[in-house]
There are 2 protein chains.
Amino acid sequence: MARKRFDDSNCSVARALNQVGDWWSLLIVLHAMYGTRRFVDFQQELGIAKNILCDRLARLVDNGVLKKVEVGEHGSRFEYRLTEKGRDLFPVVIALRQWGDKWNPAPDEAPLDLRDRATGQPVQTIQVRNADGEPITVRDVFVPDASSPGSKKDSV
Amino acid sequence: MARKRFDDSNCSVARALNQVGDWWSLLIVLHAMYGTRRFVDFQQELGIAKNILCDRLARLVDNGVLKKVEVGEHGSRFEYRLTEKGRDLFPVVIALRQWGDKWNPAPDEAPLDLRDRATGQPVQTIQVRNADGEPITVRDVFVPDASSPGSKKDSV
DNA sequence: TAATCTGGTTTTAAGATGCAACCCAATTAT
DNA sequence: ATAATTGGGTTGCATCTTAAAACCAGATTA
């Protein structure tokens, strides 16, 4: 049977996963953030099969995460560049990286040291914050119930 | 051929995706954050096939994202609960939700209104911040080159 | 005691993936 | 000028994964 798709889910996380939630797409976006733009470079850096890479790039372009740009005057050379939508995945990628560094550290390697160009200092650990800027956890949040505004149901 | 796995990748994002990067795993974690704990509830809420749910729950337990807890005195009733590692995916899920709400809003539905229990105010949009707490984008960061500390290569 | 609930496993058909081979236009080397 | 290489694909095939439905066994409920 076909893989299930969530295009029409009423959950925005499911819809997001529909666009970048497969094994390769987020890694492609990550490498695009690294600066990779060419088909062959993605292929070599990721070790992905060419047909799969074609499919994923096309899907990411369809979804507006990447745009395909002709380079080299005579056509037939392309670059895949992040759109604003694609660059906006930065917090997702960083959150995932920090989670991975914390919980599955490479035994022999230091976690990636990512720094701010302006200050030269490492970036902060990404966190969910309340209106006052205080970091909060999943236990600190609720979804106000539209029908009875007083209730504080546990939810994400 | 089998799907490629990234257990041993030297990229922590790849290793993270290996644990929660398939179509269902993050949705299971999301629903666990909602409060879902029982097999049947996951199954009904997600509309996932039972064999796939079995497999994913087992994998999440193996990876330490969930723990399987016997409830009901005589065994054979279980709950799947988030571990600290699992709860620590909160920023990832929120970042993904906010990205989805921004770029693929449901046509007819308001985005999820997530609030802080203590203040009753909506949570902030999650962002990558530099050491001074200023939000930064992918263009503002670099990875210091260990061999020549002065260089500012563009990287994530 | 019968029916139902819970948490699975098995079977089957259809999709998705990885790999290698092939293709063709543009570029580079000889 | 011709040959070899590069870039960006497509095609076919074998294998793996998935969805759906049937089935199952131990508890619980009627």
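Everything quoted here is computed from the prediction, not taken from an experiment. What you see below is based on every heavy atom in this structure, not just the backbone, and it leaves out hydrogens, waters and symmetry mates.
One side chain, Lys85(A) or Asn104(B), offers a donor N or O that lies under 3.5 Å from an acceptor on the other. Counting only N and O atoms by type, the side chains of Arg15(A) and Ser9(A) include no donor and acceptor under 3.5 Å apart. Of the N and O atoms on the side chains of Asp101(A) and Ser12(B), at least one donor lies less than 3.5 Å from an acceptor on the other residue. There is no side-chain donor-acceptor pair under 3.5 Å between Ser25(A) and Gln19(A).
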Could you go through nucleotides 3-6 of chain D and list every protein N or O atom that sits under 3.5 Å from one of its N or O atoms, giving the distance for each pair?
unit_1: dT6(D); atom_1: O2; unit_2: Arg77(A); atom_2: NH2; d: 3.4

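Rounded to whole Å, atom P of dG8(D) lies 8 Å from atom CG of Asp41(A). For the pair Asn18(B) CG and dT17(D) P, the computed distance is 12 Å after rounding to whole Å. Per the geometry, CD belonging to Gln43(B) stands 13 Å off P belonging to dC5(C), to the nearest Å. Put simply, CZ on Phe42(B) is 14 Å from P on dT6(C), counting in whole angstrom units. Regarding Leu27(B), its CG atom lies at a distance of 12 Å from the P atom of dA19(D), rounded to whole Å. Regarding Glu70(A), its CD atom lies at a distance of 11 Å from the P atom of dA26(C), rounded to whole Å. Spacing between atom CZ of Phe39(B) and atom C1' of dT9(C) amounts to 10 Å, rounded to whole angstrom units. Taking atom CZ on Arg38(A) and atom P on dT27(C), their separation rounds to 11 Å, with Å as the unit.
Taking the ring centre of Phe78(B) as origin, the terminal cationic atom of Lys68(B) falls inside the region bounded by 6.0 Å and 45° from the ring axis.
Look at Lys4(A) and you'll find a side-chain N or O under 4.0 angstrom from OP1 or OP2 of dA20(D). For Trp24(A), a side-chain nitrogen or oxygen approaches OP1 or OP2 of dG18(C) to under 4.0 Å. At the phosphate of dG8(C), OP1 or OP2 sits under 4.0 Å from a side-chain N or O atom of Tyr80(B).
Taking a cutoff of 4.0 Å between a charged side-chain nitrogen and a carboxylate oxygen, Asp41(B) and Arg37(B) do not qualify as a salt bridge. A salt bridge does not link Arg3(B) with Asp22(B): every distance from a Lys NZ or Arg NE/NH1/NH2 to an Asp or Glu carboxylate oxygen is 4.0 Å or more.
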>> Please evaluate residues Thr137(B) and Arg87(A) with respect to the criterion side chain to side chain contact (heavy atoms under 4.5 Å, CB included), reporting the C-alpha separation (whole Å), side-chain torsions for both, the decisive distance (0.1 Å), and the verdict.
In response: CA-CA 8 Å; Thr137(B) 75; Arg87(A) 283 192 298 276; over 6 Å; no
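The stretch residues 48-63 of chain B touches DNA chain C through Lys50(B), Asn51(B), Cys54(B), each having a heavy atom under 4.0 angstrom from the strand.
Toward the 5′ end of DNA chain D lies the nearest nucleotide of Lys68(A), the other residue of the pair Lys68(A) and Trp23(A) mapping further downstream.
Checked against dT18(D), dG8(C), dC16(D), the side chain of Arg3(A) finds its nearest nucleotide in dT18(D).
Aromatic ring pairs are classed by plane angle as parallel below 30°, tilted from 30° to 60° and perpendicular above 60°; the pair Phe6(A) and Trp23(B) is tilted.
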